[in-house]
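Worksheet for the structure shown next.
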2 protein chains.
Amino acid sequence: MCEAMDGWRDQGFTSADCPVRDVVDHLGDKWSTLILSLLFIGSKRFGVLRRSVPDISQRMLTQTLRDLQRDGLIERQVFPTKPPSVEYSLSPLGMSLQGPLNALIAWAVDHHGAIRAARAAYDQADAA
Amino acid sequence: MCEAMDGWRDQGFTSADCPVRDVVDHLGDKWSTLILSLLFIGSKRFGVLRRSVPDISQRMLTQTLRDLQRDGLIERQVFPTKPPSVEYSLSPLGMSLQGPLNALIAWAVDHHGAIRAARAAYDQADAA
DNA sequence: CCGCATCCATCTGGATACTG
DNA sequence: CAGTATCCAGATGGATGCGG
């Protein structure tokens, strides 16, 4: 893995501390990217996030937020009101991810059609 | 999910045809990003890829390559030599992904330390 | 050399119900 | 409102052996 990437800028990471894995593995889980893109817009309360992503379970929302917080990408602020409310916002580190991630999302939107077309062509080919 | 993203440029995709999912879900699988980054450098034979990524199983390499091919990101060329050889290379679509993806990878490398530090701090906090 | 098939351990994530 | 706990189906992915 990383030992193979010295073609561009790897400096000898082992598999275990490969930075690509650290980041990509996280974006890979089903919800992280989505939650991040919502927080790019602005801070949000738990319930707002929940309603913004209709098909996420409460369990997964909590877990995703915890993971993002653990990685220092988002911050969690508890208001001891009654009933309590919790607000999530982007940390400076999280904000620095906004540019690269949005570039990728923009690519996804732009090339969405091409991907779906390629997929359809491929699937049709092996049906024949 | 997608219905929540109109803050930036969504135009009303449903969950099913959400472009973010189409792309990110793929980058999320354990090997796609890594294989793509290798092919950014240049076309490679199956065996070369296998050796470049020591801890991938043959099964996963084949599967990953198939998925990328299905999405039209890479091309597969078989040389009917004896023994046969197969070469994989980036398609034009795949090349268009290089910029955004490398931006993300660069971010990962740059902020790798910060992430690991945040993670360590978080883990230490709940040990206390 | 390249790839498929099978078997199997593990992980992910959804449903549901319950606490402060 | 926000979060936790339990249970469980399905996906992911590794090991191995066979075939062109």
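Within every chain, numbering begins at 1; the chains are lettered A, B, ... in the order of the sequence lines, protein sequences first and strands thereafter. Being a predicted model, the structure only gives us computed values, none of them experimental.
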- Message: Which heavy atom of A:Ile74 sits nearest to which heavy atom of A:Leu65, and what is that distance?
- Response: CD1-O, 3.5 Å
- Task: Check B:Val48 against B:Lys44 and note the closest heavy-atom contact, atom names and distance.
- Result: CG1-CD, 3.8 Å
- For each nucleotide in nucleotides 4-18 of chain D, reading 5' to 3', give B when a protein heavy atom comes within less than 4.0 Å of its base, S when such contact involves only the sugar-phosphate, and - otherwise. B-B------BBB---
- Item | Test ring pair (Phe, Tyr, Trp, His ring centres under 6.0 Å) applied to A:His111 - qualifying residues, sequence neighbours left out | A:Trp107
- Message: Under the side-chain contact (heavy atoms from CB on, under 4.5 Å) test against B:Leu49, which residue among B:Leu61, B:Leu34, B:Thr64 passes?
- Response: B:Leu61
- Query: Do you know which two heavy atoms are closest between A:Ile56 and A:Arg50, and how far apart they sit?
  - Reply: O-NH1, 3.5 Å
- Interface residues of residues 71-85 of chain B with DNA chain C (non-hydrogen, below 4.0 angstrom): B:Arg76, B:Pro83, B:Pro84, B:Ser85
- Note on the structure: To the nearest 0.5 Å, atom CE of B:Met60 lies from atom CD of B:Gln63 at 4.0 Å
- Heavy-atom closest pair (A:Gln98 atom, A:Phe40 atom, distance to 0.1 Å) is CA-CZ, 3.3 Å
- Is the distance from OP1 or OP2 of D:dA2 to the nearest side-chain N or O of A:Arg45 less than 4.0 Å? yes
Please tabulate, one pair per line, all N/O donor-acceptor pairs under 3.5 Å involving side-chain atoms of residues 75-82 of chain B, not counting sequence neighbours.
residue, atom, partner, partner atom, Å
B:Arg76, NE, B:Tyr88, OH, 3.2
B:Thr81, OG1, B:Phe79, O, 3.4
B:Thr81, OG1, B:Pro83, O, 2.8

- Task: Figure out the CD/C1' separation between A:Gln69 and D:dA2, and round it to whole Å.
- Result: 14 Å
- What distance separates A:Asp67 CG from A:Asp25 CG, expressed to the nearest 0.5 Å? 12.0 Å
- Task: Could you tell me from which nucleotide to which nucleotide of DNA chain C, 5' to 3', there is an atom under 4.0 Å from chain A heavy atoms?
- Result: C:dG13 to C:dG20
- Message: For B:Arg66, give me all partners under salt bridge (charged side-chain N to carboxylate O under 4.0 Å, His left out), at least two apart in sequence or on another chain.
- Response: none
- Message: Just the rounded figure in Å: distance from P of D:dA2 to CG of A:Leu61.
- Response: 10 Å
